[in-house]
Amino acid sequence: DQGTSFATLAAEIDDPEDAQRLADYVGLFPRTVQHKITGTWDILYSLKAAGIPVHAITNWSSETWPQGLKAHPELGEVFDTLVVSGREGLIKPDPRIYHLLCERAGVLPQDCVFIDDGAHNVDGAKAVGMDGIHFTDPVALQSALNERGLL
């Protein structure tokens, strides 16, 4: 996620079979993200339809991001601003990655609602001044966004 290639990491593994498994991971990555969380996409499109900018920070690597796009090409089109940690050499919850998103999107942290399935990443966003929602399921997310008047 911070920019190290899978091949480099695989070369550090002593067991040849495990090293090969890791080296093969990138090409097989689309298999790990075959299914969408349908309700989440519905919410995303509702936000877009309401004119609310939707930005993203992903902790995917620079190698897995293009593979993920093979499974879900719309990921490359739906976000107004996108920060891929593997391209930046930064990962959530490093404060610099949240600030980078804000800089690129032309927004202030206090104007953002950050949503993530990792509570530690939500805590990181809150630490830089963003509002945060810990994603557990689409119903809870819908409710949290309704409470904020976003949907």
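Numbering of residues begins at 1 and proceeds along the displayed sequence.
Summarising the geometry of Ile133 relative to Ala144, their closest heavy-atom pair is CD1-CB, 3.8 Å, with the distance given to 0.1 Å. Contact detail for Gly132 and Arg148: the closest heavy-atom pair is O-NH2, 3.5 Å. Pairing each heavy atom of Cys102 with each of Met130, the nearest pair is SG-CE, 3.6 Å. Residues Glu63 and Ser5 approach most closely at OE1-CA, 3.3 Å, considering heavy atoms.
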All N/O donor-acceptor pairs, side-chain side in residues 108-117, below 3.5 Å, sequence neighbours left out:
residue	atom	partner	partner atom	Å
Asp116	OD1	Gly118	N	2.7
Asp116	OD1	Asn121	ND2	3.2
Asp116	OD2	Lys92	NZ	2.6

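Side-chain heavy atoms closer than 4.5 Å link hydrophobic residues (I, L, V, M, F, W, Y) into clusters, and following such links, possibly through other members, connects Leu145 to Phe135. A single hydrophobic cluster is seen to contain both Leu47 and Leu82, as judged by linkage of ILVMFWY side chains at heavy-atom distances under 4.5 Å, directly or through other members. With hydrophobic clusters built from ILVMFWY side chains whose heavy atoms lie under 4.5 angstrom apart, Val26 shares a cluster with Val33. Follow the hydrophobic side-chain contacts under 4.5 Å out from Leu100 and you never reach Val107; the two are in separate clusters.
A donor-acceptor pair is defined here as one N or O able to donate and one able to accept, closer than 3.5 Å; no such pair exists between the side chain of Ser143 and the backbone of Val139.
Taking a cutoff of 4.0 Å between a charged side-chain nitrogen and a carboxylate oxygen, Arg21 and Asp18 qualify as a salt bridge.
Atoms OG and CD1, from Ser61 and Ile91 in turn, are 12.0 Å apart once rounded to the nearest 0.5 Å. Separating the NE2 atom in His134 from the NE2 atom in His120 is a distance of 9.0 Å, to the nearest 0.5 Å. Separation of atoms CG (Asp80) and CD1 (Ile52) is listed at 11.0 Å; rounding is to 0.5 Å. Atom CD of residue Gln142 and atom CD of residue Glu147 lie 11.0 Å apart, to the nearest 0.5 angstrom. Note that CD of Glu103 and OG1 of Thr81 are 11.0 Å apart. Values are rounded to the nearest 0.5 Å. Atom CD1 of Ile97 sits about 12.0 Å away from atom NE2 of His99, to the nearest 0.5 Å.
The ring pair (Phe, Tyr, Trp, His ring centres under 6.0 Å) analysis of residues 4-30, with sequence neighbours excluded, yields the pairs Phe6-Tyr25, Tyr25-Phe29, Phe29-Trp60.
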Go through it in stages, so that I can follow the logic: the residues are Phe79 and Thr58, the test is side chain to side chain contact (heavy atoms under 4.5 Å, CB included), and I'd like the CA-CA distance, side-chain angles, deciding distance and then a yes or no.
CA-CA 11 Å; Phe79 300 110; Thr58 177; over 6 Å; no
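Looking only at side-chain heavy atoms (C-beta outward), Ile37 and Pro138 come within less than 4.5 Å of each other. At least one side-chain heavy atom of Val78 sits under 4.5 Å from a side-chain heavy atom of Tyr45.
Within a 6.0 Å radius of CD in Gln34, more than 12 heavy atoms belonging to other residues, nucleotides or ligands are found.
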